[in-house]
Amino acid sequence: MIKELIKDRIYKSVSPLFEDIDFDLNHIDLDLTKNPMHGDFATNLALKFAKRISLKPMDLGNKISILLKNQNSDIFASVECINPGFINLKLKLSVFHDCLSNIFVERQYYGSGSKKNEKVLVEFVSANPTGLLHLGHLRNAAVGDSLARILEFDGYQTEKEYYINDYGNQIKLLGESLKIRIANILGDELEMPEDGYHGEYLKEIAQNFIDNNSSIDQAKDIELLSSYAKEKLLNEIKNDLQLIDVTFDNWFSETSEVHHTKLLEDTLKNLRDLNVTYEKDDAEWIKTSEHGDNDDWVIIKKNKLTTYFLNDIAYHRNKFSRGYSKIINVWGADHHSHVSRLNAAMKSLSFDNDKLQFVMIQFVRLLRDGQDISMSKRSGEYTTIRDLLAEVNKDVVRFIMVMRSSDSHFDFDLGRCLEDSDDNPVFYIQYANARISSILEKVNIHDYDLTKTKYLTNDKEISLIKKIISFKEVIEESSKTMSPHKISFYLQDLARDFHSYYKSVKILDENQSHLEARLILILVVKEILINGLKLLGASSPENM
RNA sequence: GCGCCAGUAGCUCAGCUGGAUAGAGCAACGGACUUCUAAUCCGUAGGUCGGGGGUUCGAAUCCCUCUUGGCGCGCCA
């Protein structure tokens, strides 16, 4: 809002200079300055356009400065053009005060985007129900869920979906593995094959099966065993997700939604009608290479069964048919090669590919005392979410998982979070909120006089207001680039500014006007901290 | 061989739709608790932004190339 105001003023003042060239509001870059010597905001307008109107940057800059200064003395305290041509703007304090007052009125809605009337689908986790969730899924869950929350806050209607791969070889193998575990318990020394599921959890499920089924004959029916194990594991997965406050709107089952409907059949017909498939080596292929992928891929195997890829095309065809304006897939980086393949397939079905977007999640390594804790799924030795949560607070886990950009892999050192809280950004942020709560407990003001904001004049107060102002942009940016980590960085900055301010002044000032002004300021900070933490899936305790 | 991601301070990472003196946390060093929660604050030190070219007023950011690391390249899912 403040930025829009300034841009608008700049545009009105300078557009006479640019009459002969293509120039509109969007050409104006305006940024908060990093260096306080450069005022509050700066624009590179003169540098950018000098050449186009045959002037030296400094000459153009000076012209612009004069215009801005003369026509906007109500908001600018000073306007200066500095070598090589930046125009630095210093605002009157009253502009910041008004801004803060407006934000105070918005309260918990500050930063949220206007309702966009657009539906967005975020599909994430989607781990096969053949094992418990581990660390890799955890990062995916945290990022996906936060992303959905951010998009919702930014004004989108968001749906969260989990695709259940409950079809095919892995599920069959799960049943076979269970059969072996049951046999083991009953005294048969059968060996688990190399590619079976070796995890301890399957032993528990086997015991469970024996306890609940009187007839051991049932233990020979692989299909029944598969389905038994799948249901159990799916429940475990749901429980684990609940532990980190991740929930889904849709649980989309491959078996019942793709295979037991006409979806697969229709999709195949659709592809064949469009003439994008062909027969080769007794299999049926799709011409993905014609739409940007490197190769063509098999969709019907020699044995006449469909491939995972065709099932996935069908699933995404279904997603497109549901009318979303954005379809976001949060995928592990090891699936990156599927991106171009799926994109190509969707393109050949004439879907608008811009709607389909991917967030790729790089690996996270879990370290304990500098040692890498391996997470091989087959060995069953991997670190599960529940193992981790037994040691680390949920808020910490969620925060750390979204603290880094998704496309960089990072190391999560367990020891550091456990030893003490010094190295813990979550507590740092939560502590800021707790401090504010503690101050608020000591006062009893219900109606704040917003004109009192004029008593906020020191540097730390103004920079705190600037930080508050930038929250809205951070949300927009985070939503647009699908990057939850931007919020975590922002919150750390905000908390730092608050802690520093807290040390520098006594908020509970004897002077009633100063007190009220400062309370307004910290109330807004509090609101943002709570909202920001909520977007990342972390809580905001009042006491610490 | 092909493709995706990454290489920034001792460590873990921001910054990447080009902008001014490249940032944060941790670790190191030195300070601050009779005062609203010290889970805090203030300060010092620490960098050829992997190497080399190019584009321009201006490059960590864009282009090319080389190099190092991670991950993929199944008629598995």
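Keep in mind the model is a prediction, meaning the values are calculated, not measured. Residue numbers start from 1 in every chain, and the chains themselves are labelled A, B, ... in the order their sequence lines are given, proteins ahead of strands.
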Practice task
Rounded off to whole Å, could you give me the CD1-to-C1' distance for the A:Ile439 and B:rU35 pair?
Solution key: 13 Å
Exercise for the section: Output yes when A:Lys486 and A:Glu476 qualify as a salt bridge under the 4.0 Å nitrogen-oxygen rule, no when they do not. Expected result: no
Practice task
Would you check if A:His485 stacks with the base of B:rA14, given a 5.5 Å centroid limit and a 30° plane limit, both strict?
Solution key: no
Exercise for the section: Name the nucleic acid region contacted by A:Glu284, choosing base, sugar-phosphate or nothing; use a 4.0 angstrom heavy-atom cut-off, strictly under. Expected result: nothing
Handout entry: Flag side-chain contact, heavy atom, 4.5 Å: A:Ile237 against A:Leu132
Key = no
Practice task
Would you mind classifying the nucleic acid contact of A:Asp31 as base, sugar-phosphate or nothing, using non-hydrogen atoms under 4.0 angstrom?
Solution key: nothing
Exercise for the section: Mind running ring-ring contact (aromatic ring centres under 6.0 Å, His included) on A:His27 and A:Phe18 for me, showing each step along the way? Expected result: CA-CA 11 Å; A:His27 288 116; A:Phe18 300 125; 9.2 Å; no
Handout entry: C1' spacing across the pair B:rG70 / B:rC76, given as an integer number of angstrom
Key = 23 Å
Practice task
Check each residue of residues 520-528 of chain A for a non-hydrogen atom within less than 4.0 Å of any atom in RNA chain B, then write out the ones that pass by number, or none.
Solution key: none
Completion exercise
Rounded to whole Å, the CG-P distance (A:Leu55 to B:rC57) equals 15 Å
Exercise for the section: Sticking with atom C1', work out how far B:rA59 lies from B:rU17, rounded to a whole angstrom. Expected result: 14 Å
Problem - Closest to side chain of A:Lys506, choosing from B:rU35, B:rC5, B:rC41 - result: B:rU35
Handout entry: Which nucleotide in B:rG19, B:rC75, B:rC2 has an atom nearest any side-chain atom of A:Ala283
Key = B:rC75
Handout entry: Gap between atom CZ of A:Arg341 and atom CD1 of A:Ile286 - 0.5 Å precision
Key = 11.0 Å
Handout entry: Proximal nucleotide (of B:rC36, B:rC16, B:rC75) relative to the A:Lys486 side chain
Key = B:rC16
Exercise for the section: Write down the distance between CD (A:Glu194) and P (B:rC76), rounded to a whole number of angstrom. Expected result: 19 Å
Exercise for the section: State, yes or no, whether a side-chain contact exists between A:Asn165 and A:Glu254 at a heavy-atom distance under 4.5 Å. Expected result: yes
Practice task
For the pair A:Lys90 and A:Glu80, find out whether any cationic side-chain nitrogen is under 4.0 Å from an anionic carboxylate oxygen.
Solution key: no
Exercise for the section: Inspect the contact between A:Glu223 and A:Lys172 and indicate whether a charged nitrogen and a carboxylate oxygen are less than 4.0 angstrom apart. Expected result: no
Handout entry: B:rC49 to B:rC62 separation - C1' atoms, rounded to the nearest Å
Key = 16 Å
Practice task
Round to a whole Å and report the spacing from NZ of A:Lys48 to P of B:rG19.
Solution key: 11 Å
Handout entry: Distance-only donor-acceptor test (3.5 Å): side chain A:Arg435, base B:rU40
Key = no
Practice task
Please figure out whether A:His338 or A:Met37 has its closest RNA chain B nucleotide nearer the 5' end.
Solution key: A:Met37
Practice task
Taking syn as within 90° of 0 and anti otherwise, name the glycosidic form of B:rC62.
Solution key: anti
Exercise for the section: Could you tell me whether A:Lys287 and A:Asp296 make a salt bridge, using a distance below 4.0 angstrom between a side-chain N and a carboxylate O? Expected result: no
Handout entry: Nearest-nucleotide pick for A:Tyr428, side chain only, options being B:rG3, B:rA20, B:rC41
Key = B:rC41
Practice task
Answer with base, sugar-phosphate or nothing: what part of the nucleic acid does A:Ser405 contact at a heavy-atom distance below 4.0 Å?
Solution key: sugar-phosphate
Exercise for the section: Answer yes or no for this row: A:Phe489 ring on B:rA14 base, centroids under 5.5 Å, planes under 30°. Expected result: no
Practice task
Under 4.0 Å between any heavy atoms, over every strand shown, what does A:Phe309 touch: base, sugar-phosphate, or nothing? Just pick one.
Solution key: nothing
Exercise for the section: Look at all strands and tell whether A:Val505 reaches a base, only sugar-phosphate, or nothing, counting heavy atoms closer than 4.0 Å. Expected result: base
Problem - Interatomic distance, A:Ile429 CD1 vs B:rG25 C1' [rounded to whole Å] - result: 11 Å
Handout entry: Residue A:Phe86, side-chain heavy atoms: nucleotide from B:rG72, B:rC75, B:rG19 that is nearest
Key = B:rG19
Problem - Closest to side chain of A:Trp297, choosing from B:rG74, B:rC41, B:rG70 - result: B:rG74
Problem - From B:rC13, B:rC76, B:rA39, nucleotide with atom closest to A:Met544 side chain - result: B:rA39
Handout entry: Test: A:Arg435 cationic atom under 6.0 Å from A:Phe498 six-membered ring centre, within 45° of axis
Key = no
Exercise for the section: For A:Glu510, answer base if it contacts any base atom (sugar-phosphate contacts may also be present), sugar-phosphate if it contacts only those atoms, and nothing otherwise; contact means non-hydrogen atoms under 4.0 Å. Expected result: nothing
Handout entry: Check against salt bridge (charged side-chain N to carboxylate O under 4.0 Å, His left out), A:Lys302 and A:Asp281
Key = CA-CA 8 Å; A:Lys302 209 180 270 180; A:Asp281 303 334; over 6 Å; no
Exercise for the section: Please measure how far the P atom in B:rG10 lies from the corresponding atom in B:rA45, and state the result in whole Å. Expected result: 15 Å
Problem - Duplex segments of RNA chain B, taken as runs of at least three Watson-Crick or G-U pairs that stay under 3.5 Å - result: B:1-7 with B:67-73, B:10-13 with B:23-26, B:28-32 with B:40-44, B:50-54 with B:62-66
Exercise for the section: For A:Ser408, report the nucleic acid contact type (base, sugar-phosphate, nothing); a contact means any heavy atom under 4.0 Å. Expected result: sugar-phosphate
Exercise for the section: Please evaluate the base of B:rG19 for a donor-acceptor partner in the side chain of A:Asn44 within a cut-off of under 3.5 Å? Expected result: yes
Problem - Touch class at under 4.0 angstrom, heavy-atom based, for A:Asp312 against every strand present - result: nothing
Exercise for the section: Mark yes or no for a side-chain to base donor-acceptor pair under 3.5 Å between A:His336 and B:rG3, with no hydrogen or angle criteria applied. Expected result: yes
Practice task
Identify which nucleotide among B:rA20, B:rC76, B:rC36 has an atom closest to any side-chain atom of A:Leu508, counting heavy atoms from C-beta outward.
Solution key: B:rC36
Handout entry: Basic-acidic side-chain contact under 4.0 Å: A:Asp509, A:Arg518
Key = yes
Problem - Closest-nucleotide ordering on RNA chain B, the 5'-leading residue of A:Asn35 and A:Asn303 - result: A:Asn35
Exercise for the section: Measure the distance from NZ on A:Lys51 to P on B:rU55 and round it to the nearest whole Å. Expected result: 13 Å
Practice task
Quick one: label A:Ala50 by what it contacts on the DNA or RNA (base, sugar-phosphate, nothing), any heavy atom closer than 4.0 Å.
Solution key: nothing
Problem - Nucleotide B:rA77, atom P - distance to NE2 of A:His259 in whole Å - result: 9 Å
Exercise for the section: Would you mind telling me which of B:rG72, B:rC36, B:rU17 lies closest to the side-chain atoms of A:Asp334? Expected result: B:rG72
Practice task
Determine the Euclidean distance between corresponding P atoms of B:rG58 and B:rG18; express it in Å to zero decimal places.
Solution key: 16 Å
Exercise for the section: Tell me which nucleotide among B:rC76, B:rU40, B:rG70 gets nearest to the side chain of A:Phe363. Expected result: B:rG70
Exercise for the section: Identify whether the distance between the nearest side-chain nitrogen and carboxylate oxygen of A:Asp493 and A:Lys467 falls below 4.0 Å. Expected result: yes
Exercise for the section: Would you please test A:Glu284 and A:Arg272 for salt bridge (charged side-chain N to carboxylate O under 4.0 Å, His left out) and show each step? Expected result: CA-CA 10 Å; A:Glu284 186 164 355; A:Arg272 283 171 178 161; 2.7 Å; yes
Exercise for the section: Using the C1' atom on both, measure B:rG51 against B:rG69 and round to a whole Å. Expected result: 16 Å
Handout entry: Sugar-phosphate, base or nothing in reach of A:His499, heavy atoms under 4.0 Å
Key = sugar-phosphate
Handout entry: Base B:rA20 paired with A:Asn88 side chain (donor-acceptor, <3.5 Å)
Key = yes
